[in-house]
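Just below is one structure, and these are the notes that go with it.
Below, read A as the first sequence line, B as the second, and so on, with proteins coming before strands; counting in each chain starts at 1.
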Amino acid sequence: MNIAAAANETLAHNSNLLVYGAMAVYTLAFLAHMAEWVFGSRSKVGRTAAALTVEAVEPATVTVRSAAKGGTAVLDRPAVVTRTAPGGRDVPDGPGAAGGTAKGDLYGRIAISLTVLAWALHVGGVLTRALSVQRAPWGNMYEFSTTFAAVAVSVYLILLVLKKNVRWIGLPLVTTVLLDLGLAVSVLYTASDQLVPALHSYWLWIHVSCAIISGAVLYMGAVATLLFLFRDRYEDRLGDGRVAALHERLDTLRRSGKDKEQSTFGLRVRIGGNDVLSRLPAAASLDKFAYRVNATVFPLWTFTIIAGAIWAEAAWGRYWGWDPKEVWSFITWVAYACYLHARATAGWKGRKAAWLGLIAFACYLFNYYGVNIFVTGLHSYAGV
Amino acid sequence: MSTTTDTSRDAESGAPRDGDSDLGAAGSQLSTAPKEEISFPSLGPVGWVRWFWRQLTSMRVALLLLFLLSIGAIPGSLIPQTSIDPVKVDAFKADHPSLAGIYDKLGMFHVYSSVWFSAIYLLLFISLIGCIVPRTWQFVGQLRSRPPGAPRRLTRLPAYATWRTEAEPEAVLAAAQRLLKKRRFRVHRAGTAVASEKGYLRELGNLVFHVALIVMLVAFGVGSLWKSEGGKLVTEGDGFANNLTQYDDFTSGPFYDPDAMEPFGFTLDSFDATYERTGPERGTPRTFRANVTYYTGADGTEHRTKIEVNEPLDIAGSRVYLLSHGYAPQVKVKDGRGKVVYDGAVPFLTQDPKNFTSTGVVKVPSAQTKDGKRNQLGFQGFFVPTFGGKGSGSMFSTFPALDYPVLTLTAYHGDLGLDSGLSQSVYQLDQKHLKQYKVKDRKLAQMMLPGETMKLPNGDGSITFTGVKTWASFKITHQPGNGLALTGAVAALLGLAASLFIQRRRVWVRAEPGPDGITVVEIAGLGRSESARLPEELGDLAAALTPEAPVAPDAEPDAPDAEPGPDGAAPATSSGTDAAPASGPAAASPDEEAPQGPEDPAQPTDSADPADPSEGARA
Ligand code: HEM
């Protein structure tokens with residue numbers, strides 16, 4: 001064994017250490033996020049949310065002013081008033097996990113700081129892995145999974161830096177990143193290895209990096225869609241007074257001193273669930289976020305498939321051969337096209353479109369895990 | 001800045017609900033999406049046909065067909081497909097005979113060419129054509145017509161601003177017209193208002209995208225109807241000429257004309273394969289390279305080039321791909337008369353793709369015994385490039401390169417069965433009429449290093465292992481329509497990007513003298529969605545207008561609210577907490593309650609929108 005190879009093995013080893021370190025810190029971030037949700041004011045928010053029943057489906061007027069980009073010219077700038085359409089719910093965004101409490105917020109900030117630290121270790125792990133093999137770190141499922149999670153966290157952090165309202169995604173994100181990495185290091189682990197000539201192509205860089213980025217962003221969209229479904233139901237319950245009714249029932253029990261009994265456990269769980277949901281952004285905001293995210297990456301996903309077809313043409317002599325991986329990319333693509341169409345068709349907006357969005361993401365996941373593991377095809381990666 | 005996603009419905013359908021009827025014309029035709037109708041036909045057969053056509057070309061059915069297409073594609077990825085792996089299909093049929101019968105009837109072994117799958121996508125594409133044609137006409141009509149005039153009450157629109165100015169209405173309108181033109185709006189003046197529209201490229205992009213889908217389908221069809229595809233295994237030093245008889249296997253589409261095959265050919269000069277020699281990835285291939293000399297045309301001059309796994313050779317409308325490689329031991333066979341009856345390389349098939357343990361056979365039909373009797377010889381062999389069985393004597397390879405090549409042969413004689421008329425695999429011995437050579441009741445078998453010879457009993461001759469060559473297998477394809485498919489794909493991508501990232505929107509500017517003689521300027525915008533960009537753009541436009549229509553002093557109540565956010569970076573990021581907005585100016589509109597008032601502090605903010613590029617998308 002020559003010196004270079006030994007050095008590479010050291011790098012690969014360090015990469016593993018970094019990934020384990022990242023997992024440890026992500027775990028701490030996960031705990032901090034839990035603390036944020038738990039300590040984020042409960043009763044207070046619950047009450048306000050309960051009180052905030054939707055008054056009427058009257059045309060809500062939402063006013064917003066468009067401020068100029070700084071400077072004194074602002075003073076002569078006419079204000080822009082915006083107005084929403086009639087018929088919509090007028091439920092505001094929730095206050096976020098911290099529920100507007102200082103303590104919750106502190107935990108939330110700790111969670112984000114830990115996430116940043118974990119992300120740095122994580123990216124370091126991916127990069128040293130790449131260095132150890134001197135190629136793009138996307139040769140097998142272990143590498144693909146670690147990169148995928150790193151990109152997902154990167155997207156999240158970028159959105160945070162851009163001051164977008166995405167803190168609510170922190171807990172689900174860190175949870176799935178932990179799952180993904182756990183699966184990667186336990187089930188999918190493959191020793192650092194060279195690529196077979198079939199993967200020697202710059203299309204590897206283009207096709208696979210686009211696939212990873214698409215997946216990471218689509219994941220964001222899917223989480224938002226899932227939460228939308230919950231929050232939308234919650235807002236329905238808020239609208240017809242069912243949320244308030246739960247609180248009233250608890251209050252009645254409290255007055256009669258029975259509120260600590262076993263039988264009230266279900267009630268308290270439901271109130272707790274509502275409380276969590278009340279802190280999320282409004283259903284409309286989640287829906288919009290999901291749509292924007294999905295619509296933004298759809299062209300990238302389209303490009304991923306086209307790039308894959310060009311590569312397949314160069315490598316296998318046909319750009320499309322209905323290989324299982326190709327089939328599932330196609331299915332995923334068509335499913336997202338369905339979703340976008342559904343949004344364009346009046347009767348299919350909202351929940352129905354959301355279900356389509358979730359199905360589409362499930363197709364993406366199956367294409368990744370399912371096809372790689374259960375179905376054999378040309379796209380077999382070294383050691384899974 | 002919405003709390004609902006419903007506005008765009010009005011805008012899209014062009015059929016606003018009560019109370020917004022004054023928006024009707026202004027909001028019409030902001031998109032070319034077909035309207036949904038679920039009415040039932042009443043008029044006889046023609047009515048039914050028309051109804052059916054309308055259903056087929058509706059968005060709802062398009063959605064349904066798309067969904068069916070994705071579901072229909074699933075079985076083909078889970079059930080073995082004849083076109084991909086016929087061996088697996090046969091194995092499946094053997095394992096599940098009854099299920100296979102049902103599958104066969106349903107076309108499950110060739111899903112993507114089955115009747116039902118074809119029906120789905122053909123219906124979808126008919127629907128698509130039926131959708132595109134009217135939308136294109138509509139779009140052309142929109143391009144020719146002017147943007148619709150300003151609605152009576154601009155305050156009704158999703159984004160609105162107003163102010164008072166000393167400037168004359170005419171001057172303001174002229175300035176607005178100039179400004180909007182400069183921003184590449186299509187502008188048109190009607191009465192006391194300027195109407196403008198921008199973002200037609202969105203619709204165009206959407207049409208291009210859908211047309212490109214058809215182009216891609218056509219390209220795919222052309223490709224599969226006229227394609228040809230064949231395989232050829234070539235040993236170092238040998239060649240290939242593009243001729244039906246030269247292929248090891250060949251398939252083609254129904255319209256392919258084998259008489260029109262382009263003349264070309266190539267010789268495999270040498271094959272380079274390198275493998276990682278050290279480290280944990282020892283044995284992993286690094287390069288596979290076929291060095292070839294090729295020519296095109298009947299008298300073509302020769303060129304040298306290389307073919308690698310991801311770098312096929314483009315030649316006379318076909319492409320030559322390197323598929324795999326293996327070893328071809330060279331042997332020299334002498335028969336009983338001492339005559340050399342065979343001298344050449346015999347390709348062996350790789351059993352173990354990692355280390356190239358290979359098997360093969362040598363057939364020598366012209367061998368005779370020393371007395372001149374027909375005595376066909378056959379050899380069954382194992383070959384390893386790097387012998388790993390030292391001591392144990394078993395044949396397995398420990399490295400893919402030719403480090404320690406060993407050939408083991410067992411010998412047969414008799415009738416090879418080549419005259420039976422049945423075609424025979426060159427990789428198998430038909431042992432029916434063959435007898436194994438034996439020495440003292442044990443089969444004759446010998447391990448040979450290059451240069452070594454195995455003698456046959458009875459003076460029947462000998463076989464010498466003279467060396468090793470490499471073979472490479474190639475796939476030669478001719479597939480028209482690839483360029484068309486790529487063009488379609490690129491067009492689809494561009495169209496899709498335009499359709500998702502560009503926003504179609506209308507802006508109106510009205511300037512009229514107010515009751516006190518001071519000009520009231522109103523500016524309002526309508527997009528297909530309540531995108532944050534529209535108010536932003538409107539604010540920019542209003543600001544750009546103010547030099548020529550300065551805000552009159554009494555519109556000042558606005559001023560205190562006008563502080564930018566803490567970082568001033570995100571316009572329209574206001575959460576409403578910092579503003580009791582615009583009550584002054586908005587009050588100038590006569591018949592509309594001013595949209596105003598302190599809002600809930602937790603109003604959704606547009607900072608929730610991550611995807612600026614998609615802002616134009618329907619939200
Ligand atoms: C071959 C399958 C099809 C695919 C993959 C497909 C895909 C898409 C995609 C991705 C969009 C989103 C672009 C956007 O939101 O602006 C879209 C929009 C649209 N599609 Fe399709 N489509 C297909 C077939 C059809 C058919 C058959 C129709 C007509 C019945 C149709 C009508 C439309 C319309 C009208 C829009 C734009 C809606 C709007 O302007 O808001 N599509 N399509």
Does any heavy atom of chain B fall under 4.5 Å from the side chain of A/I310, the backbone, both, or neither of them?
-> side chain
Parallel, tilted or perpendicular: which fits the ring planes of A/W328 and A/F366, with parallel below 30° and perpendicular above 60°?
-> tilted
How far apart are the C-alpha atoms of A/D287 and A/R343, what are their side-chain angles, what is the distance that settles it, and do they pass the salt bridge (Lys or Arg N to Asp or Glu O under 4.0 Å) test?
-> CA-CA 11 Å; A/D287 189 41; A/R343 304 283 309 215; 3.0 Å; yes
Decide if the gap between the ring center of A/W168 and the ring center of A/F289 is smaller than 6.0 angstrom.
-> yes
Pairwise side-chain contact, A/W311 with A/Y319, heavy-atom cut-off 4.5 Å (strictly under) = no
Which bit of A/L356 is near chain B, if near means a heavy-atom gap under 4.5 Å: side chain, backbone, both or neither?
-> side chain
Is it the backbone or the side chain of B/L213 that comes under 4.5 Å from a heavy atom of chain A, or both, or neither?
-> side chain
Only one of A/N294, A/L300, A/T302 forms a side chain to side chain contact (heavy atoms under 4.5 Å, CB included) with A/F298, so which one is it?
-> A/T302
Minimum side-chain heavy-atom gap A/P281-A/N165 below 4.5 Å = yes
Measuring heavy-atom distances to chain A, does B/F67 have an atom under 4.5 Å in its side chain, in its backbone, in both, or in neither?
-> both
Checking B/I74 against chain A: side chain, backbone, both or neither under 4.5 Å from a heavy atom?
-> both
Part of B/A485 within contact of chain A (heavy atom distance under 4.5 Å) | side chain
Of the backbone (N, CA, C, O) and the side chain (C-beta and beyond), which part of B/F474 lies under 4.5 Å from a heavy atom of chain A, both, or neither?
-> neither
Taking C-beta and beyond as the side chain, do B/V320 and B/K475 meet within less than 4.5 Å on heavy atoms?
-> no
Leading residue by heavy atom contact count with chain A [cutoff under 4.5 Å; candidates B/L493, B/V490, B/L64, B/T477] = B/L493
Side chain, backbone, both or neither: which part of A/F303 has an atom under 4.5 Å from a heavy atom of chain B?
-> both
Could you tell me which of A/A314, A/A309, A/A337, A/A290 has the largest number of non-hydrogen atom pairs under 4.5 Å with chain B?
-> A/A314
